[in-house]
Amino acid sequence: MTSFTTSSQKARWIWKKDALLERRTLLFNQRLEEVANSLGIPRNVASTLVLTIEEEEAFKQYYAHKIPLICVNINVPDKVSLTGLTYFKRFYMKQTVQKYHPKDILPTCIFLACKTEESNIPVEQIAKPLNSQIETIIQTEVVVLDTIDFDLMIYHPSRTLR
């Protein structure tokens, strides 16, 4: 097993605040361009149709806070909740909520966390309380895995306490 200091988590997923803001600004500008080009409108008009960086952050935070509550509701270990939350945050470091709605990504991240943390929970048990479609969770799984670069190993702070 690798240590945190040599892990992909440290190399790829630990960001300084200014680098993170730069990344969010880049995603915002890309989304703005996509909307302007697809609708054939100027950027200043498209900016009224795209969430601001602050609005997007608030939206992500709202859904991120739901993950632990959902995990308690479906009776999975805390480690699954923490891993799912980490996957969710990693996903949105590279994607926007306007391209992939959190209601689709959230159950997928929990499902992936159940798999990686070896918690045998069927997808139906995750989908039902969230009114999610099983097919959507399964289809979105590849998108999430690809976006997080298949980095599934999570070094939780609680790991050092064991």
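As the structure is a computational prediction, the values presented were derived from the model and not from experiment. Counting from 1, the numbers follow the sequence of the chain as shown.
Between the Asn37 side chain and the Glu33 main chain, a donor and an acceptor come within less than 3.5 Å of each other. No side-chain donor-acceptor contact under 3.5 Å links Gln98 to the backbone of Arg31.
Between Lys94 and Leu27, the closest heavy-atom pair is O-CD2, 3.5 Å. Nearest approach of Ala64 to Lys89, heavy atoms of both residues: CB-CE, 4.4 Å. Between Arg23 and Met93 the shortest heavy-atom distance is NE-O, 3.1 Å. For the pair Val35 and Ile41, the tightest heavy-atom approach, listed with the atom from each and the gap, is O-CG1, 4.4 Å.
With contacts defined as side-chain heavy-atom distances shorter than 4.5 Å, the pair Leu152/Leu145 qualifies. In this structure, the side chains of Ser47 and Leu32 come closer than 4.5 Å at one or more pairs of heavy atoms. Phe88 is listed as a side-chain neighbour of Pro102, based on a closest heavy-atom distance under 4.5 Å. A heavy-atom distance below 4.5 Å is not found between the side chains of Val76 and Ile126. When side chains are defined from C-beta on, Tyr100 does not count as touching Thr96, because their heavy atoms never get closer than 4.5 Å.
Residue pairs that meet the salt bridge (charged side-chain N to carboxylate O under 4.0 Å, His left out) test with at least one member in residues 126-142, sequence neighbours left out, are Lys115-Glu141. The side-chain hydrogen bond (donor to acceptor under 3.5 Å, both in side chains) analysis of residues 102-114, with sequence neighbours excluded, yields no pairs. Counting only residues at least two apart or on different chains, no salt bridge (charged side-chain N to carboxylate O under 4.0 Å, His left out) pair has a member in residues 63-72. For residues 119-144, no residue pair satisfies the ring pair (Phe, Tyr, Trp, His ring centres under 6.0 Å) rule, not counting sequence neighbours.
Every salt bridge (Lys or Arg N to Asp or Glu O under 4.0 Å) that Glu57 has, sequence neighbours left out, goes to Arg24, Lys60. Contacts of Ser132 classified as side-chain contact (heavy atoms from CB on, under 4.5 Å), with partners at least two apart in sequence or in another chain: Pro107, Ala127, Leu130, Ile137. Under the side-chain hydrogen bond (donor to acceptor under 3.5 Å, both in side chains) criterion, Thr116 pairs with Tyr87, not counting sequence neighbours. By the ring pair (Phe, Tyr, Trp, His ring centres under 6.0 Å) test, Phe28 pairs with no residue at all, sequence neighbours left out. Remark: Asn29 engages Arg43 in a side-chain hydrogen bond (donor to acceptor under 3.5 Å, both in side chains) (not counting sequence neighbours). Taking the side-chain hydrogen bond (donor to acceptor under 3.5 Å, both in side chains) definition, one finds that Gln125 meets it with nothing, sequence neighbours left out. With sequence neighbours left out, the salt bridge (Lys or Arg N to Asp or Glu O under 4.0 Å) criterion links Glu22 to no other residue. Under the rule for a side-chain hydrogen bond (donor to acceptor under 3.5 Å, both in side chains), Tyr92 has no partner lying at least two apart in sequence or in another chain.
Within a 6.0 Å sphere centred on CD of Gln133, other residues, nucleotides and ligands contribute 12 heavy atoms or fewer. Dense packing is recorded around CG of Asp18, with more than 12 heavy atoms of other residues, nucleotides or ligands lying under 6.0 Å away.
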Just do the side-chain contact (heavy atoms from CB on, under 4.5 Å) check on Ile110 and Thr83 with the steps written out, would you?
CA-CA 8 Å; Ile110 294 171; Thr83 300; over 6 Å; no
Check against side-chain contact (heavy atoms from CB on, under 4.5 Å), Leu49 and Leu39:
CA-CA 11 Å; Leu49 303 174; Leu39 298 176; 3.7 Å; yes
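Ile53 and Val97 are not part of a single hydrophobic cluster, where members link through side-chain heavy atoms under 4.5 Å apart.
To the nearest 0.5 Å, atoms NZ (Lys79) and SG (Cys71) are separated by 14.0 Å. The structure places CG of Leu106 at 4.5 Å from CD1 of Ile67, a figure rounded to the nearest 0.5 Å. Atom-to-atom distance recorded for Asp146:CG and Gln95:CD is 9.0 Å, nearest 0.5 angstrom. Taking CZ of Phe111 as the reference point, atom CD1 of Ile74 lies at 11.0 Å (rounded to 0.5 Å). The OH atom of Tyr63 sits 15.0 Å away from atom CG of Leu85, with the distance rounded to the nearest 0.5 Å. Once rounded to the nearest 0.5 Å, the distance linking CG of Leu112 with OG1 of Thr140 reads 10.0 Å.
A salt bridge is absent between Asp149 and Arg90; no separation between the charged side-chain nitrogens and carboxylate oxygens falls under 4.0 Å.
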